[in-house]
Structures are given as C-alpha cells and as structure tokens.
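Below is one structure, written out as structure tokens; comments come after it.
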Amino acid sequence: MKNIIKIKSSLGIIAVTLLMTIGVACSDDILDQNNNNATSTANFGTSVDQVESAINGAFHPITGTFFWGRIVHTGAILRSDEFNVFPFGSNTAMSTFQGNPGDRWATEPWQELYKSIARCNNIIINVTEEGISDTTTRENLVGQAYFLRAFDYWYLVNLYGNVPLITELPDLDNLLVKQATSDAVWAQIISDLEMAESMLPETWTGDNLGRPTSGAATALKGKSYLYMKQYGPAATALGSLVGKYSLLPGSQFGDNFTTTNENNRESLFELQFLGQDTFIWGSDIPGTGSMGNFHIDYAPPAKSPDRGHVVNPWLRDLYDANSDVVRRNQTLVYDYPGATGYGGVAFLTDFSTDNSDGNNDIQIATDAGVEPIFSKKYAGMELGTRDQVDFLGTNVGNNWRVIRYADVLLMLAEALNEENNPAAAIPHIDEVRNRAGLTLIADTNPSINQTDMRQAIINERAMELAGEGHRFFDLVRWGLADDYMGATSLHSTHPKSLSGGTFENGKHELIWIPNPEKDANPNLNQNPGYN
C-alpha cells in the first residue's frame, strides 16, 4: 500500500478536487471543451482505478503532517503522563495543558479529519452497482471508505467531544452545521464499522498490503464499545479476533515500531509512511506529505527542533518492578546495559555528544533537573546515525501501528474483567506477558479479583503500549487523568514538571474547538473551560 499511495494518490487528489470544484462558465468556445479523460461528478465511480485513487486521496490527510504525520502527537498523544515535554512556546502548549483557543494545533487536525470525511462521503454515496458491477470489488473499495470515516470520527469525538456529524455531500444552502451529541457520533462509528466488517476482506496481498481489513474494522468496533463502556459487545467483537492474529516473538518485539517487518502478523491496522526527500510542510499534494514528521516529537531534545521531551521515570520503574527487559529496551533508551542510540552508537556516546549548538541530550536533561530517559519507539534510531536522520523526519518512513494484536488482547481482558469475569481475562493478559518473558498471572494469582485485575491491566497497557498513542485516552476513559496529571499527581514528581502545566478535570479531557471554525460557523459551541 505504501507504493500504491505514493504512485496513485495524485490521481485521487485530482479526482476529489475535481469532484468538489464548481464549474465556471467561459465565453470563449475554444476553452469550453469536454475532457473525456477527466473525472467529474458525472463519471466518478465508474472505474476501479478511479475509486482506488479517490480512496488514497481520502487517506492522504490522515498520514499528512497536519494529522498523524505530526500534529496529533503534539496535540493529543504527548499530553499523557509518559512524557515530560520541554516547553517550546505555542508548539507545546497543548501537550503541557497550557493551551488556549488562540494557540496552534487544534485547527489542523479538525480540518484534515473533515477533509478525509468529505472524501469518504463522496465514495460511499457515489460508488454504486451501476458504476462498478462486481460486488466483491465494489465492496472492497467502499468498505475502506466506511472504515476510514469511522476512524476519522473516532479521533474527532475523542479529541473534541461534540462535533458536527456529516455523512452527506455538502449542502450549499446549509453549510452552518450544528454539533451532534457524542452518542450520535459513536452510533455512526459503530454503524460504519459494521458496514466495513461486511465489505472488507480478511487480508490484502501484494501492493494492497496495509489497507484496512475486516479484522481492523472489528478491532476498532470493539475498542469503540470499550470506550462507550458497553463491555459485553466489546468482548464479543474483540473475542472474535482471537487466533486470527498472533504476537511476534519477544526477540522481534521492536519490529512493531521500525521499518522492519511492517504490516506483520501482529498488526491489524497501521498507517503507511514513506521517507521522502520532497517536503512541503502540511501540504495535501501527493508525494510530499507521507513522511514521519512525528520524529520532531519523539527525537531526544538535542536533536528535536522543538526541544523534545524526556520519559518520566515512573515508566522505567514499572518495567524494572516487573523485570521487563524485553519491552523496556525497545521502548526507552537510557544508561542500561547494552543501550544504544542512533545508528547503533553506544548510548553514553551518542547522547552525550554535543550537537552544532553545543548541547547534548544528557546534559540538557540533567541541567533541567530530570533524569535522562528518552523515547525509542518511533524516534528513527534504527535508520542511521544522527546526521543521517533528518531533523524534521523527512526521511523517516516508519509505519505507525495504530492497532496491534497485543492491544486487542488487553482490551479483551479489560472488557471481560469489567463484566466481572477476571478469570476469563487471565489467558489474554498472560499471552501478552508471556511474550515479554514475565511471570504469568495464571501461575502467581489464579484467583485474582476484579479490582486487582483492573490494576494489572492498567500496568500491562502502560508497559506494552507506551509511546504508541493510547495512554492519554486510557487515563481519560478510566477517570484517572486528574489523579496522575492534576495538581496533586500520584507520581512522585509531576509528569509535566518541565512546563508547570497541570491537567484540569472537566476541561483537559478534550481540546478546544478551533477558533477559525467557530468564527466561520456560529452554531459551534466551545468546549468547557476554554471560553
């Protein structure tokens, strides 16, 4: 799929652009000609290549710089208690709980997600049996649009709360849409995922590898039910995936985060990225936007143009308390035996070598009074030495694994436990622990109660999924965000000590509705705490 997106997305963007363009009359006959090779509203959906290109065009805003390519990390993922972010003006205001509606990074995700949704709506509505008669081919195409629309709304509802729910083509007489309730958005997500489940294949092959599958739709449906606290349906959906996927062995755990072994047997859905030399910041131009600019946020402070972050020591201590070396060594990098940095250079050498500004990571952390513990996942260390990995991440091409089988197993364990069946949860959490070489709950505490299992799952998710974009949303849905990131954090030191920002209950569960959107649409109400 990486190659398909790179090669064909230009057609998709052109197709979608034409579909959304209103023609303007011209008085010169020589200019008033029909182009039989172009895509228009009249002939869209009449060829497989055309629709496939449009689907790639719908994916492009999601992998671009202004969403998963970078900005969702600054605006959502880095808000968790895993990361102690060095403040860097408005670039980090959201991740340090100090942002206001006039600050950066709330507008771009909103716009990119709705851009993707508009393109999905066009595919869902206009690709019909009349245009593509083969049922399997048509459903495999349209099913991707249903999945992606659900994916888009999943992040909108978890980032912004009550958002407009748009499932039709634009109505030029009614552009000032109102926000829907979160319940209505969740219902649409479930509906779209059930359509995707019924339409998508179980697997893709060849150049299509990496496209969403029926299993990806089922996993996101189960996750959605879990977030809605509908634990029975969550367990049913997630349980149906058991045995259809499998974990990589412990020796290959790190393959889940690098360019090695992408779209592997553990991966249910990953966003496809390419390291590209051609770079136009935040563009929706094919061939310019699918690189891992998230490197800016996960690189250590001496390498990141935004100063980066350190990882809070509670996470290291959790690994150590569980004797978890397998996952620790692929998640964190600090002075442990055998630790290496960029290009396989020894940690103490790589992280204490001054950059061109005369700064090095260890000294920056030490001077700031924090421990020099840094992110390894998605930092691009396996791609080469520091000078070989672009500081903006333009040559970083790690696919981002959005849903892994390990996550599915832990969500299933949680759903079963919340149904007051901790015994049924044991084999699923133990499968994850076994891969990491840890003692099994079945051996040490087979009669574990619901409360203890709940804490075991919280800890296991922290160790297994650290740095992958789940922790903040987990803390919010568990009602623990204020406990760990509020003014009186349960951590020994506040996880946002470098900035002084603190989580405010009733406010920071969501980010603000972007001012430009509110200015353009008076029907939009601001989220609590941001007025």
Side-chain angles (χ1 to χ4, degrees), residues 1-5 8-9 12 45 47-63 68 116-117 119-129 131-155 167 186-225 233-234 236-246 262-272 399-405 407-408 411:
M1 186 182 179
K2 281 191 172 190
N3 292 333
I4 284 179
I5 284 181
K8 294 188 177 179
S9 61
S47 81
V48 172
D49 286 347
Q50 182 191 78
V51 178
E52 188 177 77
S53 297
I55 290 167
N56 292 340
F59 270 100
H60 198 265
I62 303 308
T63 55
W68 209 282
S116 176
I117 287 167
R119 296 173 184 180
C120 290
N121 289 343
N122 180 63
I123 295 165
I124 290 167
I125 292 169
N126 287 314
V127 178
T128 65
E129 183 178 3
I132 299 177
S133 59
D134 183 78
T135 300
T136 300
T137 300
R138 184 180 65 256
E139 289 188 348
N140 285 180
L141 293 168
V142 178
Q144 293 180 69
Y146 274 114
F147 175 87
L148 185 55
R149 187 169 72 177
F151 178 91
D152 295 337
Y153 275 118
W154 195 97
Y155 279 93
T167 59
W186 281 117
Q188 186 64 52
I189 290 170
I190 296 297
S191 175
D192 282 355
L193 290 171
E194 289 179 340
M195 291 296 293
E197 279 181 305
S198 68
M199 291 181 166
L200 291 173
E202 290 187 2
T203 59
W204 295 92
T205 59
D207 287 341
N208 285 311
L209 191 65
R211 293 188 180 277
T213 63
S214 58
T218 300
L220 188 55
K221 184 176 77 169
K223 182 174 184 175
S224 298
Y225 276 129
T236 299
L238 297 166
S240 71
L241 298 169
V242 172
K244 294 183 179 180
Y245 300 85
S246 58
E262 293 178 325
N263 301 303
N264 62 55
R265 72 193 196 200
E266 185 171 340
S267 179
L268 279 82
F269 180 64
E270 54 194 73
L271 292 172
Q272 312 290 305
N399 284 0
W400 195 286
R401 283 67 162 183
V402 179
I403 307 175
R404 293 196 287 117
Y405 188 50
D407 186 16
V408 169
M411 289 192 292

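Just the heavy atoms: all of them, side chains too, but no hydrogens, waters or symmetry mates, feed the values below. Counting begins at 1 with the first residue of the sequence.
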Next item on the list: Taking side-chain contact (heavy atoms from CB on, under 4.5 Å) as the test, write out the residues that go with T128, two or more places apart.
Entry: E130
Checklist line | Counterpart residues, side-chain hydrogen bond (donor to acceptor under 3.5 Å, both in side chains), relative to S240 (two or more places apart) | finding: none
Check: Partners of M195 by side-chain contact (heavy atoms from CB on, under 4.5 Å), sequence neighbours excluded?
Finding: Y146, M199
Checklist line | Minimum heavy-atom distance between G222 and A234, given as atom pair plus value | finding: O-CB, 3.5 Å
Item checked: Minimum heavy-atom distance Y405-G243, with the two atoms named -> OH-N, 3.1 Å
Checklist line | Pairwise distance CG(L220) to CG(L193) - rounded to 0.5 angstrom | finding: 4.5 Å
Checklist line | Residues in salt bridge (charged side-chain N to carboxylate O under 4.0 Å, His left out) contact with R404, at least two apart in sequence or another chain | finding: E266, E464, E468
Next item on the list: Go through the structure and list residues passing ring pair (Phe, Tyr, Trp, His ring centres under 6.0 Å) with F147, not counting sequence neighbours.
Entry: F269
Margin query: Test side chain to side chain contact (heavy atoms under 4.5 Å, CB included) on R138 and T135; report intermediate values, then the result.
Written below: CA-CA 5 Å; R138 184 180 65 256; T135 300; 3.8 Å; yes
Check: By side-chain hydrogen bond (donor to acceptor under 3.5 Å, both in side chains), which residues pair with S47, not counting sequence neighbours?
Finding: none
Item checked: Which residues share a side-chain contact (heavy atoms from CB on, under 4.5 Å) with A219, sequence neighbours left out -> L241, L268, I403, V408
Notebook entry, point to check: Roughly how far, to the nearest 0.5 Å, is the CD1 atom of I190 from the CH2 atom of W154?
Noted result: 11.5 Å
Check: Got a sec, which residues hit side-chain hydrogen bond (donor to acceptor under 3.5 Å, both in side chains) with S267, two or more places apart in sequence or on another chain?
Finding: E270
Notebook entry, point to check: Residues two or more places apart in sequence or in another chain: which of them pass salt bridge (charged side-chain N to carboxylate O under 4.0 Å, His left out) with E139?
Noted result: none
Check: How long is the gap from CG on L141 to CD1 on I124, to the nearest 0.5 Å?
Finding: 12.0 Å
Checklist line | Euclidean distance, R119 CZ relative to H60 NE2, rounded to 0.5 Å | finding: 8.5 Å
Item checked: Flag side-chain contact, heavy atom, 4.5 Å: Y245 against N264 -> no
Note to self: Restricting to non-hydrogen atoms, name the atom on S116 and the atom on L148 that form the minimum distance, rounded to 0.1 Å.
What the structure shows: OG-CD2, 3.5 Å
Notebook entry, point to check: So do the side chains of L238 and Y225 get within less than 4.5 Å of each other, counting heavy atoms only?
Noted result: no
Note to self: Using every non-hydrogen atom in the two residues, find where G143 and A196 come nearest and quote the distance to one decimal.
What the structure shows: O-CB, 3.6 Å
Next item on the list: Taking side-chain contact (heavy atoms from CB on, under 4.5 Å) as the test, write out the residues that go with E197, two or more places apart.
Entry: E194, A217, T218, K221
Next item on the list: Identify, with sequence neighbours excluded, every residue that meets side-chain hydrogen bond (donor to acceptor under 3.5 Å, both in side chains) alongside N263.
Entry: Q272
Item checked: Contacts of D192 that satisfy salt bridge (charged side-chain N to carboxylate O under 4.0 Å, His left out) - sequence neighbours left out -> R149
Checklist line | Separation between OG1 of T213 and CG of L209, rounded to the nearest 0.5 Å | finding: 10.0 Å
Item checked: Separation between CZ of R211 and CG of N140, rounded to the nearest 0.5 Å -> 10.5 Å
Item checked: Shortest non-hydrogen separation from I189 to S224 and the atoms involved -> CG2-OG, 3.6 Å
Notebook entry, point to check: Looking at C120 and D152, what are the two nearest heavy atoms and their distance?
Noted result: SG-OD2, 4.4 Å
Checklist line | Geometric class of the W68/Y155 ring pair [parallel <30°, tilted 30-60°, perpendicular >60°] | finding: perpendicular
